[in-house]
Q: 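Following this message is one structure expressed as structure tokens.
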2 protein chains.
Amino acid sequence: MPAPPLRLGDLQLRILEVLWEHPDAGVGAVHEALKPERDLAYTTVATMLRKMEARGLVTHREEGRSFLYRAAVAADDVNRSAGDHFVERLFEGSLADAVSHLLTTREVSRGELEQLEKLIREAKRRAK
Amino acid sequence: MPAPPLRLGDLQLRILEVLWEHPDAGVGAVHEALKPERDLAYTTVATMLRKMEARGLVTHREEGRSFLYRAAVAADDVNRSAGDHFVERLFEGSLADAVSHLLTTREVSRGELEQLEKLIREAKRRAK
DNA sequence: GACGTGTAACTACCTCGGTAGTATTACCGT
DNA sequence: ACGGTAATACTACCGAGGTAGTTACACGTC
């Protein structure tokens with residue numbers, strides 16, 4: 001199980017997110033899904049997909065004249081990796097510091113706070 | 001005061017952290033401080049510092065034959081920027097989702113959990 | 001006054017993400 | 001059978017982070 005650094009750029013991440021939601025999407029479908037937020041050339045998406053396949057991030061299978069792509073890495077792994085990097089890099093691994101910073105530097109609604117409390121209670125029960 | 005993207009690489013961030021702790025450090029001092037974790041050539045640090053100055057991340061002042069560097073951006077701004085990027089990019093801006101993910105994908109000590117609870121209570125009081 | 005040492009400046013590279021143009025291929029409809 | 005179209009393949013380019021060698025300079029020392 002190779003667990004390579006998993007260091008993704010923004011576009012690569014967005015592409016993966018599209019593929020997680022729509023497995024077996026073709027280049028055109030991915031391009032289309034990204035259209036609203038990024039006005040990329042069709043070939044740009046195709047190139048990116050090929051580069052990502054070379055890195056083992058996605059796989060493809062042929063379907064007639066088209067390639068259908070699938071993510072080859074799990075969303076959880078990617079997110080966790082990014083989370084680790086974030087906490088590690090800025091807060092020396094201290095989750096509390098990281099969350100503290102997130103909490104104090106932005107507006108958080110009361111609802112979100114309550115949601116967080118619940119989360120922590122659950123975590124405590126789990127850790128018991 | 002232009003607030004450029006503030007998108008830093010790992011090394012740049014480490015250098016800034018050194019400068020935040022030791023303002024007016026020379027190239028040698030920064031190099032030395034980074035020695036344990038990264039075995040870089042002296043000139044690599046010097047080059048990086050010059051590149052960062054060009055981007056407005058640091059400033060320098062001459063002191064005899066040496067350059068003394070200072071961070072030109074605040075730690076809070078950098079951290080906040082990174083936090084925003086993290087939450088935005090992976091969790092569509094939902095802080096609760098982000099924290100939830102951080103909490104569930106790693107081991108968190110009981111002490112940390114209690115620390116977090118306190119933080120949330122404070123945030124609630126603040127938000128009233 | 002010549003010399004060695006440390007410092008900064010300049011230049012060059014490599015990698016990677018991102019972007020896109022051009023070429024090629026294969027299919028389909030008429 | 002042919003031409004259009006849509007797909008992939010190939011190639012190139014840019015910028016940025018990161019790395020480091022080479023050069024130039026200024027200083028103190030002998």
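Letters A, B, ... are given to chains in the order of the sequence lines, protein chains preceding strands, and every chain is numbered from 1. Atom set for the values below is all heavy atoms of this structure, side chains included, hydrogens, waters and symmetry mates excluded.
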Q: Taking only side-chain N and O atoms of Tyr42(B), does any of them lie within less than 4.0 angstrom of OP1 or OP2 on dA8(C)?
A: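 Result: yes.
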Q: Within less than 4.0 Å of OP1 or OP2 of dG17(C), is there a side-chain N or O belonging to Arg7(A)?
A: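 For dG17(C), neither OP1 nor OP2 has a side-chain N or O of Arg7(A) closer than 4.0 Å.
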Q: So which nucleotide from dT8(D), dA20(C), dT19(D) ends up closest to the side chain of Thr44(B)?
A: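 Out of dT8(D), dA20(C), dT19(D), the nucleotide with an atom closest to Thr44(B)'s side chain is dT19(D).
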Q: Donor-acceptor pair, distance only, cut-off 3.5 Å: does the side chain of Thr47(A) make one with the backbone of Thr43(A)?
A: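 Confirmed, Thr47(A) side chain pairs with Thr43(A) backbone.
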Q: Taking only residues two or more places apart in sequence or in another chain, which ones pass side-chain hydrogen bond (donor to acceptor under 3.5 Å, both in side chains) with Asp76(A)?
A: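 side-chain hydrogen bond (donor to acceptor under 3.5 Å, both in side chains) check on Asp76(A) returns nothing, list empty.
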Q: Taking Trp20(A) for the side chain and Arg70(A) for the main chain, is one N or O donor matched with an acceptor at less than 3.5 Å?
A: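 Such a contact is absent between Trp20(A) side chain and Arg70(A) backbone.
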Q: Taking the side chain of Leu40(B) as its heavy atoms from C-beta onward, which of dT19(D), dT8(D), dG17(C) lies nearest to it?
A: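 The nucleotide sitting nearest to the side chain is dT19(D).
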Q: Measuring to OP1 and OP2 of dC16(C), would you say a side-chain N or O of Arg55(A) lies under 4.0 angstrom away?
A: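 No.
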Q: Just the rounded figure in Å: distance from P of dG15(D) to CE of Met52(B).
A: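 Result: 21 Å.
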Q: Hey, is Asp84(A) close enough to Arg80(A) for a salt bridge, meaning N to O under 4.0 Å?
A: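 Salt bridge present between Asp84(A) and Arg80(A).
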Q: Which listed nucleotide (dA7(D), dA9(C), dT11(C)) is nearest to the side chain of Thr47(B)?
A: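 Closest nucleotide to the Thr47(B) side chain: dT11(C).
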Q: Find every protein N or O atom lying less than 3.5 Å from an N or O atom of nucleotides 25-28 of chain C, and list the pairs.
A:
none

Q: Arg50(B) has a side chain; which of dG21(D), dC10(C), dG18(D) sits nearest to it?
A: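 Nearest to the side-chain atoms of Arg50(B), counting from C-beta on, is dC10(C).
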Q: Judged by atom type as modelled, is there a donor-acceptor pair below 3.5 Å linking the side chain of Arg55(B) to the main-chain atoms of Lys51(B)?
A: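 Between the backbone of Lys51(B) and the side chain of Arg55(B) there is no qualifying donor-acceptor contact (under 3.5 Å).
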Q: Hey, which sits more toward the 5' end of DNA chain D by its nearest nucleotide, Val27(A) or Lys51(A)?
A: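 Closer to the 5' end of DNA chain D: Val27(A).
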